[in-house]
Amino acid sequence: MAAALRSSPLAHALATLHPEWIEVAGMPLASKLRDDRPDRSAKLGICDLSALPRIGLKGPGAADWLSARGVPVPDQPNTWSALEGGGAVARLARTEFLVEDGFSGKAVARLAPDLKPGSPGVYPVPRQDCALALTGELVNELLVQTCNVDFTAQTRDARVVTLTLMVGVSVTVLQQRLAGTDCWRLWCDGTSGPYLWETLTGIAAELGGGAVGFASAFPDAQLQNLQ
Amino acid sequence: MKILTCPVNGPRPVSEFAYGGEVRPMPDGATCTDREWADYVFNRSGVPGVKIEWWYHIASGTWFYAERDTVADRVIRTWLPA
Amino acid sequence: MPYQLLRFAFASKHPEPRMFRTPERLKNAYDAVIIGAGGHGLASAYYLARDHGMTNVAVLERGYIGGGNTGRNTTIIRSNYLTPEGVAFYDQSVRLWQDLSQDFDLNLFYATRGHFTLAHTDSAVRTMRWRAEVNKHFGVDSELVGPDEVRKAAPQIDITCGGHAPILGALYHAPGAIARHDAVAWGYGRGADQRGVEIHQQTEVLGINVESGKVTGVRTTKGDIATPRVLSAVAGFTPRVTDMVGLRTPIYIHPLQAMVTEPMKPWLDPILVSGSLHVYVSQSARGELVMGASLDPYELHATRSTLDFVEGLAAHMLDMFPFLSNARVNRQWAGMADMTPDFAPIMGTTPVEGFYLDAGWGTWGFKATPVCGKTMSWTVANGRNHELIKGFNLSRFERYELTGEKGAASVGH
Amino acid sequence: MSSRLPPVTGEWIDRSRGVDFTFDGRAYRGCAGDTPASALWAADVHVLGRSFKYHRPRGVLSLANHDVNTMMQAGARLNLRADVEPLEQGMALTSVNTAGGASGDRLRILNALGGFLPVGFYYKAFHRPKALFPFWERVFRRMTGLGTLDFGAPHIRTPKRYDFCDVLVVGAGPAGLHAALAAGRAGAKVVLVDENARIGGSLGYQRGGSIEGFEMLRDLERDLADLPNVSVRPGTLAAGYYADHWIPLVDAQRMTKLRPRAVIVAGGAFEQPAVFRNNDAPGVMLASAAQRLLYRYAVKPMDKALVLTANADGYRAALDLMAHGVAIAAVADLRADGEPSALSMRVKQVGIPVLKSHCVLEAEAVGDRLVAATVCPTGADGKPDTASPQKFACDGLVMSVGWAPAAALLYQAGASMRYDTTTHQFVPERLPAGVFACGRVNGVYALDSRCEDGERAGTEAARHLGFDTPERSFSIAPERSPPSHPWPIVEHPAGKNFVDFDEDLHLRDFHNAAQEGFDNIELMKRYTTVGMGPSQGKHSNMNAIRVLARIRGVSPGEVGTTTARPFFHPVPLSHLAGRGFNVHRETPLHSRHDGLGAVWMQAGVWLRPEYYALPGKRKSEIVRDEARAVRDAVGLIDVGTLGKMELYGPDAGAFLERVYTAKFSGMKPGTTRYAVMLDESGVVIDDGVVARLSEQHFYFTTTTTGSTTVYRELQRWNAQWNLEVGIVNATGAFAAMNLAGPKARAVLRKLTSLDLSNEAFPYLALREADVAGVPARLMRVGFVGELGYEIHVPADRAARVWDALMEAGQDDGIRPFGVEAQRLLRLEKGHIIIGQDTDGLTQPDEAGLEWAVKVDKPFFVGKRSVEIVRKNGPRQKLVGFELDAIGASTAPRECHLVVRNGAIAGRVTSIAWSDTLGKHVGLAFVAPDMTELNSPFFIRADGGTMVQARVVPTPFYDAEGLRQKVVD
C-alpha cells in the first residue's frame with residue numbers, strides 16, 4: 001500500500017495493530033486487524049473511516065450552493081440528511097456543512113471540483129478529519145465516560161448533529177445506519193485524532209471492545225464499491 | 001456544573017464555552033480623548049448586577065450574547081449578534 | 001511545656017480577656033473610616049493607631065472579622081515577584097511578617113518552608129530566571145534551581161509529572177512561608193482595639209458622601225458617620241465601594257477556589273506551585289494539604305464551589321504525587337478576587353479626595369497584609385502616597401504605565 | 001468471648017464467609033458484611049482509636065460515617081472510616097495517630113495535660129523566644145495529622161462517567177423510598193442513591209422492638225423492583241450539590257456526575273450526642289449506633305445499658321436493646337413530661353425504670369471501658385441538680401437526645417433554612433426550583449408522616465417536570481413532641497464533656513472562646529475549630545450553635561449556621577481525578593519525527609521536535625550540526641503547528657487591515673507580507689505571514705500557541721463588524737514544512753514542475769503547484785535566513801511530501817532540524833519570537849516593529865493605544881548585541897538582567913553561541929538611551945559576573961539578506 005497517496009491521521013496508530021489494508025479514495029483503510037474478534041464490533045467497536053471522501057463549506061451562500069447541485073440540505077441547524085449510498089450532509093451550526101459519502105456514494109466526487117474559492121458567500125472548508133464509527137451495544141457507556149451530552153435523548157430518526165467536546169476535543173457526532181450497521185459517527189480535527197483514538201480505544205478495551213477493522217464493523221458493506 | 005444555552009446548539013455545560021467578558025461599546029478612536037480611550041481599554045464596570053456578556057461555544061465556533069446576573073450566576077437570555 | 005501555658009492549668013477562670021470589644025454604637029464622627037475588617041483593613045487600623053497616633057478610627061465590617069479573603073486564602077507568603085516595585089514591596093512585607101507573632105504576642109504559626117515555582121517548559125524556565133535575577137538584584141533570596149533541587153526538597157514528587165509535564169527547573173525562594181491566616185486578622189484587630197480603634201462587625205456600608213470631590217461621610221446600616229478619610233480594603237467587593245464614590249477602575253471580580261484534604265501525617269515541607277499544571281500546595285500545621293489552582297474563568301460575585309475545579313486540581317495533584325490517590329478531599333471553598341489588568345494591586349490616593357484604595361489584590365493579597373497596613377496607614381495619615389506604593393496608583397492605567405508583573409504572568413500565588 | 005448475636009432478621013453480615021484481619025497487630029475474625037468497627041466490637045474490642053488532641057480512648061459513636069476518632073490505616077489506604085468501610089479479608093489495620101496502638105497509646109499522657117492546653121492554646125505560646133519556634137513547629141508536625149501516606153502507592157485511575165435522569169432521590173430511607181416510588185410511578189426516570197451498603201435507612205434498624213418497619217422495607221423493595229425506570233444505587237454517596245442540579249455520585253469504584261432535572265433530598269438526619277462529662281468513653285454511643293450494631297451486624301453493643309433520651313427514638317432503642325438481651329438500667333429522659341406516645345407504656349411494661357427530667361451528669365470509665373453513669377435531676381433551666389445523684393453500673397450508655405438535618409446538599413443548592421421551635425431543628429424554609437426535601441431533613445419524624453412526605457416530594461418533583469401525577473393533597477401531621485431537645489448539654493466543673501469529638505472540644509472551650517471575643521458562629525468555628533475536623537461538624541455543629549445561643553441569650557436561629565461546603569463525606573483524589581486526560585495534538589508528520597529520533601518538547605498543546613537525537617552526540621553538538629546543515633546545504637523542519645487560516649470574501653483585505661497593523665488591500669495575488677497583531681492596549685500578541693492567493697482569498701499563519709485564540713478573536717470581531725468574509729481555521733487541515741538552505745531549490749526542483757527561478761518565484765512570493773504530486777502552497781520565506789520554501793500541503797498527504805523531500809535531498813545532505821536549531825538560525829537573522837522577545841506588555845515600537853505599524857490606516861485593533869503610548873516614547877528598546885570573546889560557561893543566559901549604574905536597565909531575551917558567526921549574539925531589552933550602535937552595556941550573568949556586551953545592528957548574519965533573496 002506504499003503507493004497510496006493519502007494517509008489517515010490514525011495511520012500510525014493503526015499500523016501497530018497489524019491491519020489488512022484496502023484503499024478507499026486514495027487512502028488506506030484498515031479492513032481487518034490482526035486481533036479482530038467477531039464479537040468486538042457487537043460489543044464496542046471503534047473503526048477508522050477517515051478515508052471516506054468528504055468536503056466542507058460554509059458561508060451565507062453554502063446552503064443554496066448545495067441545493068443548486070441537488071444535495072438535500074437539512075433545513076435546521078445541527079441536523080443532517082442522508083445521501084444516496086450511505087452518505088450524510090450535516091449542517092454544523094448555522095451556515096456550515098459537512099458532506100461525506102458513504103461506502104458507495106458519489107456525491108463528493110461530483111461536488112468537489114466545483115467547490116473553489118470565488119462563489120459569493122461560499123467558503124470551502126478543507127476537511128482533514130479523523131472520522132470514526134462507534135458500533136456495538138456499549139457505545140453509550142463509552143460516550144458517558146467521555147462526553148457531557150446525553151446522547152440517549154437523541155433518536156436516530158431525528159437526525160441530530162451534535163457539536164460538543166469529548167475528552168477535551170471538539171467533535172461532531174451523529175447517529176447513522178451505515179451499510180446495515182447502526183453506529184455513532186464522530187469527526188474531529190485530524191491533529192487531535194491520535195489522542196482521541198488512543199483515549200477512546202483505551203476505554204473501550206476496558207469495556208471489552210476496542211479498535212476494529214472496517215470489515216468487522218460493517219460486515220454487510222460492499223467493499224468492491226469502495227475501490 | 002452551570003448550564004448555558006447556546007442560541008444555536010442549545011443547553012450545554014459551561015465547560016463547552018469560553019467567556020468573552022462584558023459587551024462594551026468602543027468609542028470612536030478618531031474623536032475620543034486619550035482618557036476616554038484608556039477608560040475603554042482598561043476600566044470595567046465591575047459592579048455586580050445583570051450584564052450583557054460575550055460567550056463562545058467552542059465546538060461550533062459560535063459567539064453569542066448572554067444576559068447574566070453576575071451575583072446569582074443566572075442567565076436570563078442568550079441571543080446571536082445581529 | 002512553655003511557661004505561657006502554665007497559667008491556664010492553675011487559673012480558676014479562663015485568664016484571657018476579649019481580643020476585641022463590640023462597641024455599642026457608632027460615633028457621629030471619626031478621623032478615618034476603614035471599610036473592611038480583614039487583614040488589610042485591620043492592619044491599616046493597627047498601624048494608623050500605633051505609628052501615626054490616629055485612634056479615632058472606625059473599622060466597618062459587613063460580616064465578621066477576617067471573614068472575607070483573609071480567612072479563605074491558602075496562606076502563602078513570598079516576595080519573589082517580577083518587577084522592582086513588586087519585589088521591594090513584598091520584601092518589606094516578608095520582613096514585617098517575620099516578627100509579627102512577637103509584635104502581637106500571638107502565635108501566627110509563621111512557618112518558613114521554602115517556596116518552589118516549578119517550570120515545565122523552557123519558556124517557564126526563562127521566566128523563573130527573570131524573576132530570580134530581579135529578586136537577587138533587590139537582595140531577595142531567590143534562585144533558579146534544577147530538578148534535582150526540587151527532588152531534594154520534595155523527594156516524593158514525580159519529576160516527570162505523569163510523563164507529560166516534566167519539571168525542568170524551579171524558582172526557589174527560601175523565605176517562602178505559610179501562616180495561620182485567621183490569627184493575622186485577630187492579631188491586628190486586637191492590637192488596633194487595644195489602641196482605641198473601634199471595630200464594628202455586622203455593619204454594612206450603604207454609601208459614601210462626597211461633596212465637591214471630597215469625602216465627607218459614610219452611611220451604614222447602623223447609622224451615618226462624618227469623616228474626611230475613607231479607606232476601602234474590601235477585596236472582592238471593591239467595585240461596589242468605588243461605585244459609591246463614582247470611581248471607575250479596571251477591577252473585575254472572579255472567584256478563586258481552594259480545597260483541603262483530610263489531615264495526614266506531615267510529609268510535604270516546601271510550598272510547591274506549578275503554573276502549567278495550575279496547582280499550588282502546602283501542608284498545613286493540621287496536616288491537611290491545602291491546594292489551589294487558577295481563577296475561575298468568568299466574572300462572578302459569589303463564593304459558590306464548582307466540581308470541575310476539584311476534578312482538575314485532583315488530576316494535576318496526582319500527576320505530581322501519584323501516591324495521593326487514596327487521600328481524600330474534605331472541603332472546598334471559594335473567595336472573590338479583585339482582578340487587575342497588570343496583575344498588580346491598586347493602592348493609595350484616588351481622584352476623590354480623602355478616598356483611599358487598597359484593592360486589586362488578585363490572588364496574592366494575604367502575603368501583603370503587613371506592608372499594606374504600613375503603607376496605607378502612612379498614606380491615609382499623610383494624604384499622599386507612600387514611596388513603596390507609588391507604582392500601584394490607580395492613575396497608572398490612563399497613563400499606560402502598567403506594572404510589569406503581567407510581563408510573565410503565570411499563576412500568581 | 002464474642003458479642004456476636006444469633007442471626008438477626010435483616011442482618012447485613014454473611015456468617016458463612018469469615019474474614020480474617022488484624023488490628024494493631026492482633027488477629028481477629030469477622031464476617032463478610034462487617035465493618036472493622038463492628039467486627040472489633042463483636043470481638044469485644046472497645047478502644048478502636050484515639051482522639052486527636054488528648055489521645056483519649058474512643059469507641060463506636062455513630063457507626064454512620066462520622067466516627068473520625070476511629071479512622072484506621074490499611075496499608076496504603078489512609079484515614080479509612082472503620083465505622084462504615086467494608087471489612088476485607090487479610091486487612092492489616094492499625095489505628096492512626098497513636099504511639100503504640102489504640103489501646104496502649106503512649107501519647108495518652110496528653111489527656112492529663114489537658115489543663116495546659118485550652119482552646120487556641122497554640123496561639124498563645126511557642127512563639128517566644130522566636131528562635132525556638134522552628135523547634136516547636138517540628139514537635140507539632142510530629143504530633144499532627146492522622147493517617148500516613150505510602151509513597152509507593154500506585155496512581156489509581158478511575159473511570160468517571162456522566163449520567164442523566166429526571167429525578168435524583170438522595171437517601172433511601174422511608175421518605176426517600178416513597179419519593180422514588182411516587183416519581184417513578186409518574187413515569188420519571190429516577191435514580192435513588194444511598195450511601196449505606198443497603199437501602200432502607202432507619203426502617204432497617206430503628207425498629208423499636210418490632211418487625212413492622214422492616215417488613216415495610218421488604219414491600220418497598222418489591223415495589224421498586226417493578227419499576228424499571230427507577231435505578232436503585234446503594235453504596236453511593238451524593239457528595240455535593242453544584243449549580244443547575246449537578247451532583248457527583250461517589251461509589252467504591254468511581255464518581256458519576258449526574259445531571260437530574262430535579263433533586264429530592266431525603267438524606268435524613270444525624271443523631272446528635274448529649275454533652276456530659278466523659279461522654280466519649282468507649283461504650284457511650286448514639287442510640288442509632290447501638291441499633292445499627294444490633295440489626296446490621298448482629299452485635300450486642302453492651303450487656304447493660306443506661307438510656308439517655310429526650311424523644312421517642314430513645315424508647316425504641318431501649319426496646320430494641322432489651323429484645324436482644326441487653327439489660328436496661330434505666331431510661332433517663334431529659335423531658336419533664338417524658339414520652340407522650342404509647343412507647344412509654346411499652347417500656348414500662350417490660351420493666352424498664354424511667355426517670356423523667358433527668359440527665360446524665362457524668363460517665364465513668366475504668367481501664368478504657370465504661371463502668372457506670374451518674375444521673376441526676378435537671379432543672380427547668382437545663383442545669384443539673386447535683387444534690388441527689390444516682391449512679392448506675394453499666395457498660396453501655398446510649399444517647400438519643402436529638403437530630404440535626406443532613407441538609408448540606410440543600411444549603412449548597414441555595415435553600416434557606418429556619419430554626420423550627422416545634423422540632424428544635426433547622427428545616428427548609430424556601431427551596432430553589434427543582435429541589436425538594438422530605439423526611440427528617442424536612443423536620444418530619446413520625447414514620448407514617450415520613451412516608452407521606454416522601455410521596456408528596458416525589459409527586460411534586462414529577463409534576464414540576466411535567467409528568468402526569470395523581471391529584472392528591474398531602475397533609476403531614478405535626479410532630480407530637482420535638483424529636484430534638486433544645487439543651488441536651490450538661491455542665492461539669494471538671495470538663496471533658498465533649499461537643500466536638502473530632503477536635504476534642506469540650507463545653508468550656510466554647511465559653512472561653514466567647515470570652516475572648518469569638519462570639520459569633522463563624523468566628524467561634526475558626527477559633528475553636530469546631531466542625532472543621534473530617535466529619536465536618538456532623539455531630540458537633542448543632543450543639544455548638546445551642547451553646548453559643550445560650551451564651552449570647554438568643555435563639556439558635558439567630559445564631560445561624562456555618563456554610564456547608566462540599567463534600568458531604570471526603571472523596572478520594574483518585575475518584576475526583578478520574579482517568580486524567582491530557583489533551584494533545586500531533587502534526588501529520590509525528591511518526592516521521594519519531595522514526596528520526598526526535599526529542600520532543602511541549603509547545604502549547606503540541607509536541608514539537610526539539611532536535612533529532614544521534615547516538616553519542618550531545619544536544620549542543622546536534623543543534624549546531626542541524627543549524628550548520630541549513631546554512632551549508634539544506635534542512636527540513638515541520639512547521640505545521642503554526643496556526644493557518646483561510647480568509648475569503650470581498651472584504652477580506654479590509655478585514656485583515658483591521659486586525660493586523662500592516663496594509664493588505666493593495667497586496668498582489670501571489671505575494672506574502674509579515675503581519676503583527678496587537679491587543680486593544682497596543683501590546684504585541686501575535687505575528688505571522690499573510691499570503692494573498694486571489695482577489696478574495698487570503699491565507700495567513702499565526703503563532704503555534706496563538707492559533708486558537710486568534711481564530712476565536714477574529715470571529716468575534718467579525719460578529720461585530722459584519723464584513724463579508726469567511727474565516728476558516730485550517731490549522732489542522734494543512735501540514736507545513738520549511739525546506740531551507742542553499743540547496744533547497746535544487747531539492748525542490750526534483751519534485752515540482754514549478755519554475756523556481758528567482759524571476760518566476762521571487763523572495764516573499766507565493767505559488768501554488770504540485771510537489772511530489774500533491775497540490776501545495778509554496779512561500780518563499782526567510783525566517784532562518786537562507787533560501788527557503790515553506791510548503792503547505794493537505795494534512796493527509798504530508799507524509800508523502802516529507803518523504804519525497806527527504807529522499808530528494810539525500811544527495812545534498814538534507815537534515816531534519818528541530819525547534820532549537822531554528823531558534824538559533826532565526827536569532828542569527830535577528831528575527832523575534834513573540835512571547836520570548838516580547839512579553840505581556842511589549843508595544844510594537846519597543847520590539848522594533850515600528851515599520852510594520854501603519855498608523856495612517858483609519859483603524860486597526862490597538863491603533864489608538866499605540867498613538868497614545870507613542871507620545872511618551874518607548875520605555876525600552878529591543879536591540880541586537882554581541883559579546884566579545886567569552887567562554888560558554890560564563891556567557892549570560894536568556895532573562896539575565898542588563899544592569900547600568902547598579903540599576904536594572906533591561907534583560908536578555910535571546911542569546912546563543914553562533915558557530916557561523918563565531919561569537920555569542922543575542923537580543924536584549926535596554927533603556928531607550930542605550931541603543932546607540934557599538935555602545936557597550938553590562939549583563940549580570942550567573943554568579944553575579946558582569947559581562948560586557950555591545951549593541952550591534954541586526955541581522956547579525958547576512959545583513960543584506962542576499963542568501964534568502966537571491967541564490968542562483
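Values reported hereafter were calculated over all heavy atoms of this structure, with side chains retained and with hydrogens, waters and symmetry mates removed. Values in this document were obtained by computation on a predicted structure and should not be read as measured data. By convention in this document, chain letters (A, B, ...) are assigned in the order of the sequence lines, proteins followed by strands, and residues within each chain are numbered from 1.
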- Query: Is chain D contacted by the side chain of B:Ala72, its backbone, both, or neither, given a heavy-atom distance below 4.5 Å?
  - Reply: neither
- Side chain, backbone, both or neither: which part of B:Phe42 has an atom under 4.5 Å from a heavy atom of chain D? side chain
- Note on the structure: Against chain B, residues from residues 238-250 of chain D with at least one heavy atom under 4.5 Å, in numeric order, are D:Tyr242, D:Ala243, D:Asp244, D:Trp246
Contact class of [X] relative to chain B, heavy atoms under 4.5 angstrom:
{"X": "D:Asn729", "answer": "neither"}
{"X": "D:Lys871", "answer": "side chain"}
{"X": "D:Arg259", "answer": "side chain"}

- Query: Roughly how far apart are B:Phe17 CZ and B:Leu4 CG, rounded to 0.5 Å?
  - Reply: 4.5 Å
- Query: Within 45° of the six-membered ring axis of B:Trp37 and under 6.0 Å from that ring's centre, is NZ or CZ of B:Arg35 located there?
  - Reply: no
- Ring-face cation contact, D:Trp721 with D:Arg658, 6.0 Å cut, 45° max: yes
- Query: Looking at D:Arg870 and D:Asp845, does any basic side-chain N land under 4.0 Å from a carboxylate oxygen?
  - Reply: yes
- Using a strict 4.0 Å threshold on nitrogen-to-oxygen distance, state whether D:Arg875 and D:Glu846 make a salt bridge. yes
- Query: Nearest heavy-atom pair of D:Phe664 and D:Glu657: which atoms, and what distance?
  - Reply: N-OE2, 2.8 Å
- Message: For D:Lys189 versus D:Cys165, what's the shortest heavy-atom pair and its separation?
- Response: O-CB, 3.6 Å
- Task: State yes or no: are the ring centers of B:Trp55 and B:Phe64 separated by less than 6.0 Å?
- Result: no
